[in-house]
Amino acid sequence: MSQQPVPDRAAILEALDKVKDPKTGKGLSAAGLVRGLVLRGARAAFMLEVPAADVPSYRAVREAAEAALSAVEGVETAQVILTAENEAPQPPSVAPKRARVSADPQARLGHMPEAERPEHVRKVIAVASGKGGVGKSTVAVNLAAAFAAQGLRVGLLDADIYGPSAPTMLGVDGEPTFDDEKRLVPLEAWGLKVMSIGFIVEPGDAAIWRGPMASSALRTMMGSAWGTADQPLDVLVIDLPPGTGDIQLTLVQRLKLDGVVVVSTPQEIALIDARRAATMFAKTGAPILGVIENMAWFEDPTGARVPIFGEGGAAAEAERLGVPLLAQVPIEMALRQACDAGQPLVATRPDSAASRAFLQAAERLA
Ligand SMILES: Nc1ncnc2c1ncn2[C@@H]1O[C@H](COP(=O)(O)OP(=O)(O)OP(=O)(O)O)[C@@H](O)[C@H]1O
């Protein structure tokens with residue numbers, strides 16, 4: 001059996017340099033337009049990032065670049081994602097009153113005038129946390145599965161550019177294709193439409209992308225083919241990266257979120273960070289829909305609840321924010337195992353205490 005040749009990075013850059021950038025007249029590689037080149041098996045992909053106004057005129061360049069990539073030995077699938085350059089966050093043009101309220105630049109943010117929701121998506125809910133490792137992705141995946149259990153058409157956008165978890169937690173991987181309109185087509189798993197940066201780049205590669213490229217990748221993923229006019233998506237759950245950085249700002253600026261669910265453990269430090277995240281979203285005008293307390297307790301073999309990370313903090317925080325405490329999710333070995341096994345616990349063991357908590361949260365959010 002003949003071995004499939006592996007595409008060579010240098011050969012690819014050379015091939016792409018034969019495609020000319022219409023603006024500078026240089027080859028694409030020399031012009032610095034080959035960004036985030038990913039070689040994964042027989043698949044080669046990169047982002048062609050150009051100023052927003054130039055996008056239409058670069059469609060032909062994208063086609064030519066894809067043809068050049070496909071012609072390189074070993075490349076079976078070539079994907080060039082044409083995307084508008086990320087501009088620095090701008091305050092909205094018509095918010096003079098807000099701008100005077102505070103010198104904090106975040107306080108001047110609102111939805112960008114061009115903020116929009118992806119086509120054929122009825123509701124967009126982001127899952128956020130101020131701190132890493134509190135179980136935000138676990139909540140996002142199981143919340144999405146809980147919405148699906150209600151019979152809704154559900155999408156999950158794993159926007160955690162710096163640590164995508166959907167491929168592992170849903171046991172799904174593959175190469176998203178493009179539809180006729182050149183939108184990414186989400187993969188399907190557990191009845192969910194799933195899009196993750198993890199499908200596009202090698203694990204670990206995303207973290208080294210510069211911030212604006214990450215934002216730009218995110219915007220491309222947001223514009224995926226989530227639904228159709230006949231079959232719109234009922235809800236899109238977005239798993240945000242933890243914290244209050246550029247990615248979150250881009251998201252809330254660019255996308256009309258219907259709301260944000262904040263995840264925290266009962267621990268004081270996690271709550272302080274959750275408060276910071278909640279404050280950021282409140283300033284950007286995205287409503288906080290509620291708090292989900294994760295790792296609320298551990299049930300010992302006698303059935304007693306052991307509050308490993310403390311008690312009552314999330315309820316108090318929700319009250320302080322004037323939002324509901326949507327659910328308290330216990331620490332459950334089965335939940336950790338289900339995440340590792342690529343199975344949403346809500347789908348496989350809906351009667352477990354953790355699953356019931358996710359289903360309750362979904363009901364309250366519906
Ligand atoms: N309630 C729970 N019971 C048991 N294990 C849990 C629970 N919640 C989360 N975990 C486990 O904790 C780990 C971290 O969870 P997860 O990846 O969801 O956190 P995260 O907040 O999204 O992390 P990051 O900020 O790094 O993306 C995972 O292994 C997950 O399975």
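Order of appearance sets the numbers: ligands from 1, and atoms from 1 within every ligand.
In terms of polar-atom proximity, defined here as any N/O pair under 3.5 Å, G133 does make such a contact with ligand 1. Where the criterion is an N or O separation shorter than 3.5 Å, residue side chain and backbone included, V134 meets it with respect to ligand 1. Geometrically, ligand 1 and S129 share no nitrogen or oxygen pair separated by less than 3.5 Å. Checked against a 3.5 angstrom limit, the closest N/O atoms of L335 and ligand 1 fall outside it. Distances between N or O atoms of S137 and those of ligand 1 include at least one value under 3.5 Å. For a threshold of 3.5 Å applied to N or O pairs, the pair formed by P330 and ligand 1 contains at least one separation below that value.
In this structure, the protein non-hydrogen atom closest to atom 18 (O) of ligand 1 is T138 OG1, 2.5 Å. For atom 4 (C) of ligand 1, the nearest protein heavy atom (residue, atom name, distance) is E332 O, 3.2 Å. Remark: minimum distance from atom 17 (O) of ligand 1 to any protein heavy atom is reached at M169 CE, 3.5 Å.
Under the 4.0 Å distance rule, the nearest protein heavy atom to atom 13 (C) of ligand 1 falls outside the cut-off.
Atoms of ligand 1 found under 4.0 Å from any heavy atom of K136, numbered from 1 in the order shown, are 18 (O), 19 (O), 20 (P), 21 (O), 22 (O), 27 (O).
Within the 4.0 Å heavy-atom criterion, the part of D160 lying near ligand 1 is the side chain and not the backbone.
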